[in-house]
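So that the names make sense, note that chain A is the first sequence line, chain B the second, and so on, each numbered from 1. Note that these values count all heavy atoms, side chains included, but never hydrogens, waters or copies made by symmetry.
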Protein chains: 2
Amino acid sequence: MSILNAIQEKMESLHLKERALAEYLIKHPRQAVQMTITELAAQSGSSTATISRFCKTFHSQNFPDFKQKLATELVQQTAAPNRYQDIVAGNPLNEIVSAITANHLRSITDTTQVLDLNQLRLAIEALHRATRIDLYGSATSGIVAQDFFHKLIRIGKAAAAFSDPHLQLTSAASLTSEDVAVGISYSGETPETIHALRCAAEQGATTLSITRFGANTLADHASVRLFTSSAEVGMRRGDMASRMATLHVVDILFIGLVSEHFEQYVPRLELSYQTVKSYTSGKEERKNK
Amino acid sequence: MSILNAIQEKMESLHLKERALAEYLIKHPRQAVQMTITELAAQSGSSTATISRFCKTFHSQNFPDFKQKLATELVQQTAAPNRYQDIVAGNPLNEIVSAITANHLRSITDTTQVLDLNQLRLAIEALHRATRIDLYGSATSGIVAQDFFHKLIRIGKAAAAFSDPHLQLTSAASLTSEDVAVGISYSGETPETIHALRCAAEQGATTLSITRFGANTLADHASVRLFTSSAEVGMRRGDMASRMATLHVVDILFIGLVSEHFEQYVPRLELSYQTVKSYTSGKEERKNK
DNA sequence: TATATCATGAAAATTATTTTCTTATAATTA
DNA sequence: TAATTATAAGAAAATAATTTTCATGATATA
């Protein structure tokens, strides 16, 4: 457990000056790690002796050691905080920025942890062998489907992304056992996507689901299942973190596919890149402002 | 730049004992940050005086300060590796996964660092006041524009996203000084997006660019400029990290907007969420598999 | 009320760090 | 080559930081 948490927990049992010190540490940890013991004594209203003793009760050799442990903790915290944060009113902008950053980082690392390499391998192999690839998703998941679609056509795959429920079904109905259908839905409960994937399965297509971790209907209907982290609680006001997580999975799928069949796909990727570049090369003159 | 890198670079110009110290630091940084200056002097074969002087040439106040900076750096390094990794052939799947994860984490943290809060504030205010919001972007940036569009309509903004060059211009031509045009392009050199944004500017609309960091044409034409980290080198085979970075900026813009005008936007957000839920509630029976 | 316990800070002791001063070595010039 | 200068680098002094000891006073307990 972290030092700051440990301090917070012990707060009740602390004596007068120790508590003053503890409160200062919790309020201004970043300043504290920059101070000498004398400065901290003055700022927190305690004494150097108290501080020195205090440090030893928190598993530190001495004050400098304590400072270093605390500093390390603070860095790690900014790098990967341990809770998703909800949007609240009128926070200062810099706090909003770090909250969103934290959420995104978290959702990516969590998703990586939840990833099943065997399912991933199956998914990659299925995509590689597929004659046609259908991608189904609504709203935000539709965006992800679009993104995947953009990627797949760059390597010459016959892919298509559908957000329209009727088109989804229309396309699904025409799939064969040679084909793959990918259903994307964070909740795993989007009816249209479920219908489409089920229809694809009935035609014999290989079905792949990308949903949040945990039991859900879409995953139930898929033969290969990929999951994202599911910790986005109370974050529905934008479902950004879930989209990041889903894109993360899509990226891994795509790069896995390209990497496993490097000779085949990379030249196409390069070609698509060069072609777009050459056709849109009417490069603007940059004016000096 | 990091301390260890700086030391590595200066290595050539260092004197005998300084070099011995530098080499020790590079070889055993983790041990070094745990030592006192006397211990380090003994271990590295230099003296306390040399170390003290050495620290000051590397932008540290004193030895403890140096130690703390170095320690922080080491933690950050393990938390977020410092280079973007390219896709290569036939890597084991788990390595691909961690490489992509590292790239995404990196691009998000880097983008956060590069973010200018003042420009952000201006952007948010402009979006808030806008009667109409136009979003322009091609290919991957078009996806991001779509995503932003989805977000904005949830809070009742008259927004529209355009990937089609003709439509972009058509819409841009009808903007007024009450409106905002957002040009999204990682390179900042997509001709169609530049044209559209310039056209919008000519109509008196407020123009906002979201591009990679550094001089680029699109940013030149914008009155408010937001940047993403630009370190994606040799990563064109998918431009995933850049898309993550751009989405990150869009998310921050959106949440910033909602948060600054909480009472106005949050009810709409809730309403859109509830409405979608109620209309698509024909929830499937989950079959037990 | 008397006694014991213990938090606390002042000050002493210890330890850590910086600075000064000196020396020896290397570089430069005559 | 010798003389001169510059400077790297450590010893030791000076300073700063930290810990420990010890005295005090407050609080709890008998």
Atom-pair distance ([atom1] on [X]; [atom2] on [N]), nearest Å:
{"X": "B:Ile37", "N": "D:dA9", "atom1": "CD1", "atom2": "P", "value": "15 Å"}
{"X": "A:Phe66", "N": "D:dT19", "atom1": "CZ", "atom2": "P", "value": "11 Å"}
{"X": "A:Glu39", "N": "D:dA17", "atom1": "CD", "atom2": "P", "value": "7 Å"}
{"X": "A:Phe54", "N": "D:dT18", "atom1": "CZ", "atom2": "C1'", "value": "17 Å"}
{"X": "A:Asp65", "N": "D:dA17", "atom1": "CG", "atom2": "P", "value": "19 Å"}
{"X": "B:Ile51", "N": "D:dA8", "atom1": "CD1", "atom2": "C1'", "value": "15 Å"}
{"X": "B:Arg53", "N": "D:dG10", "atom1": "CZ", "atom2": "P", "value": "8 Å"}

Tell me what B:Thr50 touches on the nucleic acid: a base, only sugar-phosphate, or nothing, going by heavy atoms under 4.0 Å.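 Sugar-phosphate, no base atom in range.
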Using a 4.0 Å heavy-atom cut-off across all strands, classify B:Thr36 as base, sugar-phosphate, or nothing. sugar-phosphate
Is a salt bridge present between B:Arg129 and B:Glu125, judged by a nitrogen-to-oxygen distance below 4.0 Å? yes
Would you verify whether the NZ or CZ of B:Lys10 falls within 45 degrees of the ring axis of B:Phe58 while also being under 6.0 Å from that six-membered ring's centre? yes
Nearest-neighbour nucleotide for the A:Phe63 side chain, D:dA9, D:dT18, D:dT20 considered: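 It is D:dT18.
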Chain B reaches DNA chain C, atoms under 4.0 Å from its heavy atoms, from C:dA16 to C:dT20
Can you confirm whether the side chains of [X] and [Y] place a donor and an acceptor under 3.5 Å from each other?
{"X": "B:Thr228", "Y": "B:His248", "result": "no"}
{"X": "B:Ser141", "Y": "B:Ser185", "result": "no"}
{"X": "A:Ser47", "Y": "A:Thr50", "result": "yes"}

Are the side chain of B:Asp116 and the backbone of B:Val114 linked by a donor-acceptor contact shorter than 3.5 Å?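 Absent.
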